[in-house]
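Notes for the one structure printed next.
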There are 2 protein chains.
Amino acid sequence: MEHITLAHGSGGKLSHQLIESLFCRYLGNPYLEQLNDASILPTSGRIAVSTDSFVISPLFFRGGDIGKLSVCGTVNDLAVSGAIPKFLTLGLILEEGLEMAVLERIIASLAATARQAQVQIVCGDTKVVERGNADKIFINTTGIGYPRTGAEIGPQKVRPGDVILINGTMGDHGIAILSEREGLEFETPVTSDCAPLNSLIDQFFDQGITCMRDPTRGGVGTTLNEIAQQAGVGMILEEEALPLRPEVAGACDMLGLDPLHLANEGKVLVIVAPAAAATVLEKMRRHPLGAQAARIGTVQAEDPGRLLLRTALGAKRLVGMLEGEHLPRIC
Amino acid sequence: MEHITLAHGSGGKLSHQLIESLFCRYLGNPYLEQLNDASILPTSGRIAVSTDSFVISPLFFRGGDIGKLSVCGTVNDLAVSGAIPKFLTLGLILEEGLEMAVLERIIASLAATARQAQVQIVCGDTKVVERGNADKIFINTTGIGYPRTGAEIGPQKVRPGDVILINGTMGDHGIAILSEREGLEFETPVTSDCAPLNSLIDQFFDQGITCMRDPTRGGVGTTLNEIAQQAGVGMILEEEALPLRPEVAGACDMLGLDPLHLANEGKVLVIVAPAAAATVLEKMRRHPLGAQAARIGTVQAEDPGRLLLRTALGAKRLVGMLEGEHLPRIC
């Protein structure tokens with residue numbers, strides 16, 4: 001069949017055909033192939049768990065697609081929490097009429113990204129809703145990882161004097177999606193940074209990290225505000241140190257967007273004890289996903305719960321959380 | 001605010017307000033309240049994992065709602081696999097314009113059902129799509145349970161001679177939803193059987209069970225076909241033994257539906273060694289969710305991979321898997 005029908009979500013014959021001909025073919029592994037109500041997985045004691053739904057529009061964009069994103073988003077949530085991502089579950093909500101070829105491209109991309117990130121899809125579920133009651137495809141992935149032993153990180157570990165690093169340029173995903181959606185043309189097209197970050201994080205995880213987060217929806221500004229509030233510390237960013245592609249800076253100027261509020265899908269904010277900052281930065285830069293890594297700011301005791309930006313002229317301005325929503329369905 | 005806006009899915013200020021004022025208030029527990037990218041959970045070695053998305057229409061029905069269903073569906077998948085359900089993740093996809101009061105009713109029901117089933121919501125995610133791009137609310141839950149030690153069950157354990165039990169009447173959920181949706185009126189209205197089955201299953205799990213499944217989408221007929229095929233055995237059901245409410249039987253007659261293909265949300269098919277069948281049946285009947293439990297059929301060596309029904313007149317007919325889809329969005 002060339003299109004998804006309601007019967008593909010019935011739990012009956014067509015559901016089984018879809019599972020065997022598509023999902024098992026691309027995603028197959030012994031856990032998934034049990035086709036039981038639940039999959040039994042090994043663990044080493046504690047587990048880390050994270051869930052994310054993906055509703056991005058358009059489905060395909062420069063640098064990725066909803067399948068790749070569905071793996072990266074959840075893998076990165078686990079990796080920044082200090083866990084080693086191992087398993088993903090896959091929940092699909094399909095709109096009746098979705099082209100089978102589109103679904104196959106998405107599942108193939110999802111499978112390739114899962115291989116790259118070294119995670120296995122261990123169980124899944126597919127529902128189909130009538131035409132007009134969803135937008136083509138929504139994906140939920142829930143990830144399970146193994147927490148590293150002796151590696152407790154988080155806002156409670158952050159101290160004044162800690163250094164704030166990022167592994168590359170800000171806002172590439174946000175501008176890539178916006179330009180696809182609005183048909184904006186740049187001399188140099190912006191590519192989403194969508195990528196699984198676990199192999200990058202593996203390089204420096206044991207080096208005095210106090211907290212990590214991936215600045216996705218809401219961007220670097222919202223994410224650092226969250227950490228500052230949870231940690232009860234202040235933070236100051238150096239505007240001149242913020243890595244930004246000229247084309248992203250240009251798009252922000254033109255559209256009145258703040259790059260500190262733009263979504264990223266392959267970036268990690270790393271907060272690290274000052275003595276270890278140079279080592280971590282060097283290790284980041286040696287990895288393909290950290291070539292443009294930069295030291296962008298410092299944790300301070302002053303202004304607890306607040307994020308400040310020191311501008312190129314030396315003035316300080318407050319950076320808030322994203323308010324409202326300028327880019328719906330960015331992930 | 002009285003309605004969900006796109007900004008509630010932005011990851012910014014309104015997202016945080018929704019999390020604090022609604023999700024943490026109803027669902028709060030130490031895991032969830034960490035509000036980290038991933039939650040760290042204790043395990044006892046292996047884990048059982050299951051995922052399910054819920055797109056049921058209407059959202060509220062006699063006997064339940066999408067919130068209750070989202071807990072029961074995943075709890076039951078874990079319980080029938082032989083695990084003790086412990087944790088759920090919660091992924092919400094909301095349509096812009098959803099009434100906040102509707103969302104609150106759903107979350108309150110979900111929270112109450114989670115308490116009843118003794119599971120904790122450990123992490124969540126909310127996305128909002130523009131009006132017209134989803135139908136009010138879709139929910140994904142992914143469940144994590146602790147497998148019971150020494151309790152391997154599954155199709156591979158099923159043997160000819162095993163007895164097939166069910167804990168009550170078939171098709172109540174299917175007819176309850178259909179009658180809400182189509183405005184059908186019965187003298188005795190049909191109530192969905194939606195319920196968490198883990199406390200029922202606890203009563204008899206150690207009693208020679210070889211396989212369990214919950215016959216949801218596709219019904220008893222599809223589920224038994226799956227087990228017969230996976231186990232390489234035949235199965236024969238006794239039509240006169242199948243528990244069926246008269247009003248469900250009447251609706252099936254009127255609408256041309258087979259109760260063996262109707263969805264259930266609080267039923268479990270239990271396949272058990274013959275020597276233990278009477279004990280298990282008695283234990284089921286002592287539980288409120290098993291009062292109408294019945295012995296409905298037998299596993300046989302003949303006709304491997306096939307499900308037969310012996311009719312009241314002694315004839316045998318083949319029961320297939322559900323084909324097509326007569327009731328979309330039943331869960």
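To find a chain, count down the sequence lines: A is the first, B the second, and so on, and within it residues start at 1. As a basis for the values below, the full set of heavy atoms in this structure was taken, side chains included, without hydrogen atoms, waters or symmetry mates. Bear in mind that the values here come from a model prediction, so they are computed numbers and not experimental data.
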Select, from [options], the one with the greatest count of heavy-atom pairs under 4.5 Å involving chain A.
options	answer
G45(B), G324(B), C331(B), G218(B)	G45(B)
G143(B), G221(B), A7(B)	A7(B)
T89(B), L322(B), L41(B)	L41(B)
P147(B), S50(B), G12(B)	S50(B)

Side chain, backbone, both or neither of [X] within contact of chain A (heavy atoms, under 4.5 Å):
X	value
Q230(B)	side chain
V80(B)	side chain
T223(B)	neither

Chain B heavy atoms under 4.5 Å from [X]: which part of the residue, side chain, backbone, both or neither?
X	answer
E226(A)	side chain
N140(A)	side chain
T222(A)	side chain
H261(A)	neither
D214(A)	both
L14(A)	neither

Under 3.5 Å, is there a donor-acceptor pair between the side chain of [X] and the main chain of [Y]?
X	Y	value
D125(A)	L90(A)	no
R181(B)	S57(B)	yes
R217(A)	G9(B)	yes
D258(A)	L260(A)	yes
N264(B)	G266(B)	no
K127(B)	S53(A)	yes

With a 4.5 Å cut-off on heavy-atom pairs, point out which of [options] contacts chain B the most.
options	answer
I330(A), D135(A), T216(A)	D135(A)
V129(A), T126(A), L78(A)	V129(A)
I144(A), D77(A), V122(A), L327(A)	D77(A)

> Just one of T142(A), T51(A), T141(A) clears the side-chain hydrogen bond (donor to acceptor under 3.5 Å, both in side chains) bar with T74(A), so which one?
Replying inline: T141(A)
> Looking at F205(B), does the NZ or CZ of R148(B) lie under 6.0 angstrom from its six-membered ring centre and within 45 degrees of the ring axis?
Replying inline: yes
>> Quick check: F54(B) with F138(B) (ring centres under 6.0 Å apart)?
In response: no
> Ion pair present between R131(A) and E95(A), side-chain N to carboxylate O less than 4.0 angstrom?
Replying inline: no
